[in-house]
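This chain uses plain numbering: 1 for the first residue, then up along the sequence.
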Amino acid sequence: MTISRIATTLSLIGAAFILYIGISYLVTPETIATGFGLPEWPKGDAVAFMNLKGVRDTVSGLIILVLLATGQRYALGIVTLVIALIPIGDMLTVLSWGGSTAAAFGIHGLTAALVAVTGVLLIRERTVADQQERASVNA
C-alpha cells in the first residue's frame, strides 16, 4: 500500500470518527460524554458546552473531508497537524481536572498521535512526489 493510500485511509477514518463524535455530542450528549474522561459533567445551563464540543468536532471532520475532496492534500497535511493539537488540549484538560489518566492517554493521547502521523504522511507524500519529479527531470 502506498503512502498516499495509507494517508487517504487514515484521513477518511479520522473524519468519520470525529464526525460521529461531533454529531453524537449534538444529538445525544448524555450518552457519549461519559467516555471523555472527566470525573464530572456540567449540569443545567452548563450543558450547552456539550454543543460547543459537538460543533467543534463536526466542523473538524468536515474540514478534513473538504480538503481531501478538493485534492488539497498538502494543505490537509498541515491542517491535520494543527488539528492534532485539539486532542492534546483535551488530554491536558482531562489530566488537569482530575479525570481518568487512562482516558487522557488512551483516548486523547492516542488520537493526537494518530492524527499527527496522518498529517506527516500527507506532507511526506508531496515531498516524495517532488523528489520523483526532480529525478525524472534530471534523468
Please determine whether side-chain contact (heavy atoms from CB on, under 4.5 Å) holds for the pair Tyr74 and Ile123, giving the CA-CA distance in whole Å, both sets of side-chain angles, and the decisive distance to 0.1 Å.
CA-CA 5 Å; Tyr74 186 76; Ile123 290 170; 3.8 Å; yes
Please test Asp57 against Leu26 for side-chain contact (heavy atoms from CB on, under 4.5 Å), starting from the C-alpha separation and ending with a verdict.
CA-CA 10 Å; Asp57 290 349; Leu26 292 171; over 6 Å; no
In terms of hydrophobic clusters joined by side-chain contacts under 4.5 Å, are Ile3 and Ile13 together?
no
Once you round to the nearest 0.5 Å, how far does OG of Ser96 lie from CG of Leu38?
10.0 Å
Other hydrophobic cluster members with Leu114, side-chain heavy atoms of Ile/Leu/Val/Met/Phe/Trp/Tyr under 4.5 Å, chained?
Leu110
On a heavy-atom basis, the closest approach of Ala84 and Ala116 is CB-N, 4.0 Å
For Gly61 versus Ala15, what's the shortest heavy-atom pair and its separation?
O-CB, 3.9 Å
Look at the side-chain heavy atoms of Ile, Leu, Val, Met, Phe, Trp and Tyr, link any pair under 4.5 Å apart, and say whether Ile78 and Val120 land in one connected group.
yes
Tell me whether Ile64 is reachable from Val115 by hopping between hydrophobic residues (I, L, V, M, F, W, Y) whose side-chain heavy atoms are closer than 4.5 Å.
yes
Which value, rounded to the nearest 0.5 Å, describes the distance between Gln72 atom CD and Leu122 atom CG?
12.0 Å
From Leu67 atom CG to Thr80 atom OG1, the distance as rounded to the nearest 0.5 Å
7.5 Å
Mind checking whether Ser24 and Thr31 have side chains closer than 4.5 Å, heavy atoms only?
no
Give me the atom names and distance for the closest heavy-atom approach of Leu121 to Ala7.
CB-CB, 4.0 Å
Would you say that Tyr20 contacts Ile32 through its side chain, given a criterion of any heavy-atom pair below 4.5 Å between the two side chains?
yes
Roughly how far, to the nearest 0.5 Å, is CG of Leu92 from CG of Leu85?
10.5 Å
Output the distance between atom CE (Met50) and atom OG1 (Thr28), rounded to the nearest 0.5 Å.
12.5 Å
Can I get a per-line list of side-chain donor-acceptor pairs under 3.5 Å for residues 98-109, giving both atom names and the distance, sequence neighbours left out?
{"from": "Ser100", "atom 1": "OG", "to": "Ala102", "atom 2": "N", "distance (Å)": "3.4"}
{"from": "Ser100", "atom 1": "OG", "to": "Ala103", "atom 2": "N", "distance (Å)": "3.0"}
{"from": "His108", "atom 1": "NE2", "to": "Phe36", "atom 2": "O", "distance (Å)": "2.7"}

Check whether any side-chain heavy atom of Leu76 sits under 4.5 Å from a side-chain heavy atom of Thr118, and report yes or no.
no
Is there a path from Val79 to Val55 through hydrophobic residues (I, L, V, M, F, W, Y) whose side chains come within less than 4.5 Å of each other?
yes
Regarding Arg73 and Ser11, do their side chains bring together a donor and an acceptor under 3.5 Å, going by distance alone?
no
Would you call Leu19 and Leu65 a side-chain contact if the rule is heavy atoms closer than 4.5 Å?
yes
Would a hydrophobic clustering, with Ile, Leu, Val, Met, Phe, Trp and Tyr connected at side-chain separations under 4.5 Å, put Leu68 with Leu62?
yes
Is there any salt bridge (charged side-chain N to carboxylate O under 4.0 Å, His left out) pair reaching into residues 6-20, and which pairs are they, with sequence neighbours excluded?
none
Spacing of Ile83 atom CD1 and Ile63 atom CD1 [to the nearest 0.5 Å]
5.5 Å
Taking all non-hydrogen atoms of both residues, which atom of Ser4 and which atom of Glu125 are closest, and how far apart?
CA-OE1, 3.1 Å
Closest heavy-atom contact between Val94 and Gly37?
CG1-O, 3.4 Å
